[in-house]
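Notes follow the structure.
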Amino acid sequence: LNMLQKNYQIIEFVAGKFINIARLNKFGYTKQDFMDYGDMIVNSLDDSIFTIEKVVKMNIPSNIDELGFDSKFYESIIKFSNSFDYTYFNNKVIFVKKGKRLSRLALLEEILNVYEKMEMDELIEYLHINYGIETSALKIKEIIKDTTIYYDSIMETVYKNYNVYYEEI
């Protein structure tokens with residue numbers, strides 16, 4: 001199944017449901033159209049970690065938009081593009097350009113490199129609004145355990161590192 005998806009012989013358009021390239025060919029779409037879409041995305045994004053929500057918000061025009069599929073279809077195309085790596089944060093697919101660091105921790109580090117510190121509730125809300133990721137404080141604490149990210153349980157705040165925390169107290 002993975003090999004068929006990697007070669008764009010089938011594309012997932014709803015969780016667990018696939019459309020065959022032969023069917024898409026009947027509507028005038030080829031494997032090259034989907035490869036071109038991946039190239040358009042890679043050329044439109046910076047090196048940060050993203051989810052399909054970011055791509056949708058960017059509203060990048062493409063001829064495959066006319067197919068009318070929802071974001072799962074585009075997510076599937078990006079997942080099997082040669083330009084991106086992907087992993088999961090809970091049940092959400094997160095992407096980055098090939099060769100860049102990708103993990104749940106890397107995403108949290110990216111956010112904290114910008115904001116330096118966030119209350120846990122703010123971080124959870126930020127992940128939901130900007131990435132479509134549903135998570136909990138417990139899950140975030142598990143991810144950042146034994147890393148340079150510092151969590152103050154009294155303030156319920158996540159800091160980029162202990163130095164940022166120390167400067168505040």
Side-chain angles (χ1 to χ4, degrees), residues 1-115 118 121-137 139-140 142-144 149 158:
L1 198 60
N2 257 1
M3 188 54 81
L4 291 173
Q5 288 179 284
K6 185 82 175 146
N7 292 324
Y8 294 118
Q9 294 304 304
I10 58 172
I11 300 173
E12 190 172 18
F13 64 95
V14 176
K17 300 212 184 262
F18 301 87
I19 188 165
N20 190 302
I21 190 68
R23 191 160 198 200
L24 293 167
N25 288 158
K26 290 179 186 176
F27 296 106
Y29 298 94
T30 66
K31 177 180 172 180
Q32 189 62 48
D33 291 317
F34 304 113
M35 293 168 59
D36 291 346
Y37 181 76
D39 291 342
M40 263 195 316
I41 300 303
V42 79
N43 292 327
S44 301
L45 294 169
D46 58 19
D47 291 342
S48 61
I49 296 171
F50 66 96
T51 59
I52 193 64
E53 281 75 9
K54 181 174 184 178
V55 174
V56 170
K57 285 178 186 175
M58 290 174 66
N59 201 22
I60 301 166
S62 166
N63 66 330
I64 63 173
D65 292 339
E66 298 166 4
L67 288 167
F69 290 112
D70 70 8
S71 60
K72 185 68 175 173
F73 179 75
Y74 301 98
E75 183 179 87
S76 183
I77 293 169
I78 296 168
K79 265 173 77 172
F80 294 99
S81 164
N82 291 326
S83 301
F84 301 99
D85 288 322
Y86 71 93
T87 191
Y88 292 87
F89 193 125
N90 294 354
N91 289 326
K92 180 56 84 176
V93 180
I94 59 175
F95 300 96
V96 74
K97 289 180 182 178
K98 277 238 187 271
K100 302 293 178 187
R101 186 167 163 252
L102 178 62
S103 67
R104 298 173 306 167
L105 176 61
L107 176 57
L108 296 175
E109 288 172 339
E110 266 189 21
I111 294 166
L112 291 168
N113 280 336
V114 173
Y115 294 99
M118 294 179 93
D121 289 344
E122 288 175 326
L123 181 55
I124 291 168
E125 184 177 355
Y126 186 88
L127 287 166
H128 173 70
I129 290 170
N130 293 285
Y131 296 91
I133 295 170
E134 298 288 339
T135 194
S136 67
K139 189 61 133 175
I140 291 173
E142 178 184 302
I143 294 167
I144 65 174
I149 294 176
V158 182

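Atoms considered below: every heavy atom in the structure, side chains included; atoms not considered: hydrogens, waters and symmetry mates.
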**OP:** Assign the ring pair Y131 / Y126 to parallel, tilted or perpendicular, where the plane angle (0 to 90°) is split at 30° and 60°.
**Re:**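 Correct class here is tilted.
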Original post:
Between F13 and F69, how do the two ring planes meet: parallel, tilted or perpendicular, split at 30° and 60°?
Top reply: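 The arrangement is tilted - the two ring planes meet at 30° to 60°.
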If you compare all heavy atoms of [X] against all heavy atoms of [Y], which two are closest, and at what distance to 0.1 Å?
| X | Y | result |
| --- | --- | --- |
| I49 | S103 | CD1-O, 4.1 Å |
| S48 | K54 | OG-NZ, 3.4 Å |
| V93 | T51 | O-CG2, 3.5 Å |
| M40 | S62 | CE-CB, 3.4 Å |
| S71 | V56 | CB-CG2, 4.2 Å |
| S83 | D39 | OG-OD1, 4.0 Å |

Subject >> Of Y88, F50, F89, the residue whose pairing with F95 passes ring pair (Phe, Tyr, Trp, His ring centres under 6.0 Å) >> reply: F50
**OP:** Might you work through the ring pair (Phe, Tyr, Trp, His ring centres under 6.0 Å) test for Y37 and Y74, ending with a clear yes or no?
**Re:** CA-CA 9 Å; Y37 181 76; Y74 301 98; 5.5 Å; yes
Rounded distance [0.5 Å steps], [atom1] in [X] versus [atom2] in [Y]:
| X | Y | atom1 | atom2 | result |
| --- | --- | --- | --- | --- |
| L67 | F73 | CG | CZ | 5.0 Å |
| E109 | I144 | CD | CD1 | 10.5 Å |
| I124 | I129 | CD1 | CD1 | 12.0 Å |
| L112 | L123 | CG | CG | 6.0 Å |
| E53 | H128 | CD | NE2 | 9.5 Å |

Validation row: [X], [Y] side chains within 4.5 angstrom (heavy atoms):
| X | Y | value |
| --- | --- | --- |
| I64 | L24 | no |
| I140 | L127 | yes |
| N7 | I21 | no |
| K6 | N82 | yes |
| L45 | M58 | yes |
| L108 | V158 | no |
| R101 | V96 | no |

Subject >> side chain to side chain donor-acceptor pair (under 3.5 Å) between Q32 and D36, worked out >> reply: CA-CA 6 Å; Q32 189 62 48; D36 291 346; 2.7 Å; yes
Any donor and acceptor pair, going by atom type alone, linking the side chain of [X] with main-chain N or O of [Y] inside 3.5 Å?
| X | Y | result |
| --- | --- | --- |
| Y8 | T30 | no |
| E12 | G16 | yes |
| N20 | A22 | yes |

Subject >> Heavy-atom neighbours of N113 CG exceed 12 at 6.0 Å >> reply: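 It does: N113 CG has more than 12 such atoms within range.
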Original post:
Counting heavy atoms not belonging to E125, are there more than 12 under 6.0 Å from its CD?
Top reply: no
Contacts of type salt bridge (Lys or Arg N to Asp or Glu O under 4.0 Å), residue [X], not counting sequence neighbours:
| X | value |
| --- | --- |
| R23 | none |
| K139 | E142 |
| D47 | K97, K100 |

**OP:** Starting from the C-alpha separation in whole Å, work towards a yes-or-no answer on side chain to side chain donor-acceptor pair (under 3.5 Å) for K31 and N25.
**Re:** CA-CA 8 Å; K31 177 180 172 180; N25 288 158; over 6 Å; no
Subject >> Residues L4, F18; criterion side-chain contact (heavy atoms from CB on, under 4.5 Å); working and verdict >> reply: CA-CA 10 Å; L4 291 173; F18 301 87; over 6 Å; no
**OP:** Have a look at F84 and tell me which of L102, V42, I77 forms a side-chain contact (heavy atoms from CB on, under 4.5 Å) with it.
**Re:** V42
Subject >> CA sep, side-chain torsions, deciding dist, call: I133, I94, side-chain contact (heavy atoms from CB on, under 4.5 Å) >> reply: CA-CA 9 Å; I133 295 170; I94 59 175; 4.0 Å; yes
Subject >> Side-chain H-bond candidate by donor/acceptor type, Y29 with E66, under 3.5 Å >> reply: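 The answer is yes; a qualifying pair exists.
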